[in-house]
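The block underneath contains the structure these notes are about, expressed in structure tokens.
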Amino acid sequence: MHKAADRIRNVALVGHRGSGKTSLNEALLFVAGAVGRLGSVADGSTVSDSEPDERARQMSLQASVNSFEWLERRVNLLDTPGGPSFVADALAALRVCESAVFVVNAVMGVEVQTARLWKRAAELDLARLVFVNMLDRERADFFRTLESLKTAFGPHVVATEIPIGSEHDVEGVIDLIDMRAYRYEGTSRENCSEVGIADEQLAQAREYREKLMDEVAENSDALMARYLDGDEISHEEIVAALKDGTNHGLLFPVTCGVATANLGTNRLLDAIVEDLPSPVKHGAVDADGYLLEPDEHKELFAYVFKTRADPFAGRINLFRVYQGVIRHDSQLLNTRAHIKERIGQLSSPGVQQLHVEEFGPGDIGAVAKLKETRAGDWLAARDEPLRLPTIKLPAAVMAFAVAPRNKGDEEKMFAGLRRLQEEDPAIDLHRDPQTGEQIVAGLSQMHVEVIVDRLRSRFGVEVNLKPPRVPYQETIRAQARAHGRHKKQTGGRGQFGDCHIMIEPLPAGSGLEFVDAIKGGVIPAGFIPAVEKGVVEAMQSGAVAGYPVKDVKVTVYDGSYHPVDSSEMAFKLAAAQAMRDAMAQAGPALLEPIMLLTVSVPEEAVGEVIGDLNSRRGHPLGMEPTGGGMTEVKAEVPMAELLSYAPDLRAITGGQGEYTMEFLRYEEVPAHLAGKVAANPRQETLSA
Ligand SMILES: Nc1nc2c(ncn2[C@@H]2O[C@H](COP(=O)(O)OP(=O)(O)OP(=O)(O)O)[C@@H](O)[C@H]2O)c(=O)[nH]1
Ligand SMILES: [Mg+2]
């Protein structure tokens, strides 16, 4: 029998890079008895981060799922990477969960990625709970972190516990609901014991309890009236109101602890099963108009959210059942590939890879050995095309040309790249239309380096990377009309296609919008797709410098045809010609990617670093001391100016500077530079 949907908790651990998610994941598994010892990230002994490259880099590179039982509930806990380059997996995890635990570093407070993921979780309507981690670190401050959470996420972020002691002397936590104190000693499962609240902390605890009660009472009119009258409110009533507010995204409880010391983690585990919603409570999921209900009697729909390559089992697909029951030894349909897949063995994901006969609605499971199925697919009882709203991923702008070191490894390299892309949809693979080279694009240089490492370690292919090229784009700034006509009469059957189009600029990020405004069949409907094809082909190469053209609305509004001579090919050629003419007249503009650069440098080098960024057409956004004599400088800089930044920064800072960058947006290239780019379409000087 499967676990009932109201006994399941799907929870994603999310947060900024290095905030302690993997360590917390480990502690929660340890407390629940799913692992026998508390592994550590530093030793490379944690359950998640099990891949060799994750251990070597001491950071999570992909999502991992562990299922275990706690208080008769089944918890599917998803550890996600905090690094912005690996955000695809964090977003995929949020999609299949009802709730998220935000892990926040108590020294740093809310960081960039925390805020971004919060926004995504809000869009998905997830219950959110915060764990303020690393209370033991120097300069850690729970209360300052709480303030930064309120500033970022509003007044309904509220502490349900506060720490006892701080930094190296942190000892435990005070539960504000029941006003009870807990002390932790050592890291064993039995390290927690109740103690009295120290007199000197009583006033502070009362103050924060009052804030909590104000917030809880706000979620229930009845409770509010009695609270204002000064009535005693019972434990059960407080918990019920807190739970209700959390489940509806009206209130965000903040807990705290030290993941690596297993401090506060037992309480978090209880909160996960008691305060966070089940799939039933969260309710039906809207898949493109089709409501999926967590009902075991309805037909099956399961969504594959993650494909992992396992060295032993081959490709493993992790799925979430939305409706119905998935059974082992059964046959299902893949609704994208329209093929039947045989479901052999099913297993519960993670450390306790137990074979499971069936998974019910709301549950998360793993299946190996499927032929075609990969992340993003639906497995279903029948071929009903379902869609969840697409997850918007950042643009893969760090593009490198790759080639195998050994001639003859081409096929192996392509196969490897395709497999890696299955695991990570943020990777973009394409051929450079100008040079014919194979391009691998990721969200950052590190992202691409991880891909190269994996090609070597998993697929045995050594590749060379050529320096990145700038992925310029083009667009138009004005409206234009053009006429294209393709006519050939060379004996026999002729060629005839004829169309009039109008093009207009669209807002950035809109891509192509193609409108068929043909009246009276002057171009027969059957040829319209050929017209669109011609337009799309012409847009591969813009009028300024031959880069792909984006953000254009194209309306085909007139034309003519010949009953015998017209063909798809003729209409495609006519449309491409019209499009090229129209683009040349429509104020074509060259666009370049602008990056957010974050540089960490010694304080004394800040002046020179900023001066250098100014000479790179950069706009400094601000700076902040980060301790240890280091300062973090943020700036917006065109990518074209950063291709050789690493050696220059090394020279300025005597090797002590570090930087990361990520894509922000496209902006028009200043006119005096656009000419230079156009004159050098292969960017040859850059790869010198
Ligand atoms: N002192 C202290 N160190 C911690 C704590 N939690 C994690 N760390 C350390 O912080 C570093 C990062 O921890 P991880 O658990 O890998 O952080 P993460 O959030 O999983 O990192 P990403 O997966 O890269 O986003 C490791 O060296 C941990 O040992 C904590 O509560 N206190
Ligand atoms: Mg991690």
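In each ligand, atom 1 is the first atom listed, and ligand 1 is the first ligand listed.
Interface atoms of ligand 1 facing Met59, defined by a heavy-atom separation under 4.0 Å, are 24 (O). Numbered from 1 in the order shown, with element, the atoms of ligand 1 that lie under 4.0 Å from a heavy atom of Arg17 read 21 (O), 22 (P), 24 (O), 25 (O). Near Thr260, with a cut-off below 4.0 Å to any heavy atom, the atoms of ligand 1 are 2 (C), 3 (N), 4 (C), 5 (C), 6 (N), 7 (C), 8 (N), 29 (O), 30 (C), 31 (O), 32 (N). Within ligand 1, counting atoms from 1 as listed, the ones closer than 4.0 Å to a heavy atom of Val41 are 14 (P), 15 (O), 16 (O).
Annotation: side chain of Glu123 is in contact with side chain of Lys119 (closest heavy-atom distance under 4.5 Å). When side chains are defined from C-beta on, Tyr322 counts as touching Tyr303, because their heavy atoms get closer than 4.5 Å.
The closest side-chain donor-acceptor pair between Asp43 and Ser40 falls under 3.5 angstrom. There is a side-chain donor-acceptor pair under 3.5 Å between Thr265 and Asn262. Asp363 and Asn76 share a donor-acceptor pair across their side chains, judged by distance under 3.5 Å alone. Remark: the Ser348 side chain and the Ser67 side chain contain no N/O donor-acceptor pair separated by less than 3.5 Å.
For atom 27 (O) of ligand 1, the nearest protein heavy atom lies 4.0 Å away or farther.
Heavy atoms of other residues, nucleotides or ligands lying less than 6.0 angstrom from CZ of Arg180 number 12 at most. Annotation for Glu658: atom CD does not count as buried by contact number, only 12 or fewer foreign heavy atoms lying within 6.0 Å. Counting non-hydrogen atoms of neighbouring residues, nucleotides and ligands closer than 6.0 angstrom, the CD atom of Glu185 reaches no more than 12 such neighbours.
Considering only non-hydrogen protein atoms, atom 18 (P) of ligand 1 sits nearest to Lys21 N, 3.4 Å. Looking at atom 7 (C) of ligand 1, its nearest protein heavy atom turns out to be Ser23 OG, 3.3 Å. Looking only at protein heavy atoms, the nearest one to atom 32 (N) of ligand 1 is Asp136 OD1, 2.8 Å. Remark: minimum distance from atom 17 (O) of ligand 1 to any protein heavy atom is reached at Gly20 N, 3.1 Å. Distance from atom 6 (N) of ligand 1 to its nearest protein heavy atom, with residue and atom name: Asn133 ND2, 3.1 Å. The shortest contact between atom 9 (C) of ligand 1 and any protein heavy atom is with Arg137 NH2, 3.5 Å.
In this structure, Ser40 has no heavy atom closer than 4.0 Å to ligand 1. Heavy atoms of Ser19 come nearer than 4.0 angstrom to ligand 1 in at least one pair.
Remark: among candidates Gly18, Ala140, Ala63, Ser60, the nearest residue to atom 12 (C) of ligand 1 is Gly18, based on non-hydrogen atoms.
At under 3.5 Å, a nitrogen or oxygen of Ala259, whether backbone or side chain, sits near a nitrogen or oxygen of ligand 1. Residue contacts with ligand 1: Met134 is placed with a nitrogen or oxygen under 3.5 Å of a nitrogen or oxygen of the ligand (distance criterion only). Below 3.5 Å of separation, one finds no N or O of Val258 facing any N or O of ligand 1.
With a 6.0 Å cutoff to the six-membered ring centre and a 45° limit on the axis angle, Arg206 does not count as a cation-pi contact of Tyr208. For the pair Arg454 and Phe459, the cation-pi criterion (under 6.0 Å, within 45° of the ring axis) is not fulfilled.
Taking 4.0 Å as the cut-off between side-chain N and carboxylate O, Lys211 and Glu215 do not count as a salt-bridged pair.
Residue contacts to the Mg ion (ligand 2): Thr22 brings an N, O or S atom closer than 2.8 Å. For Ser60, the nearest N, O or S atom to the Mg ion (ligand 2) falls under 2.8 Å.
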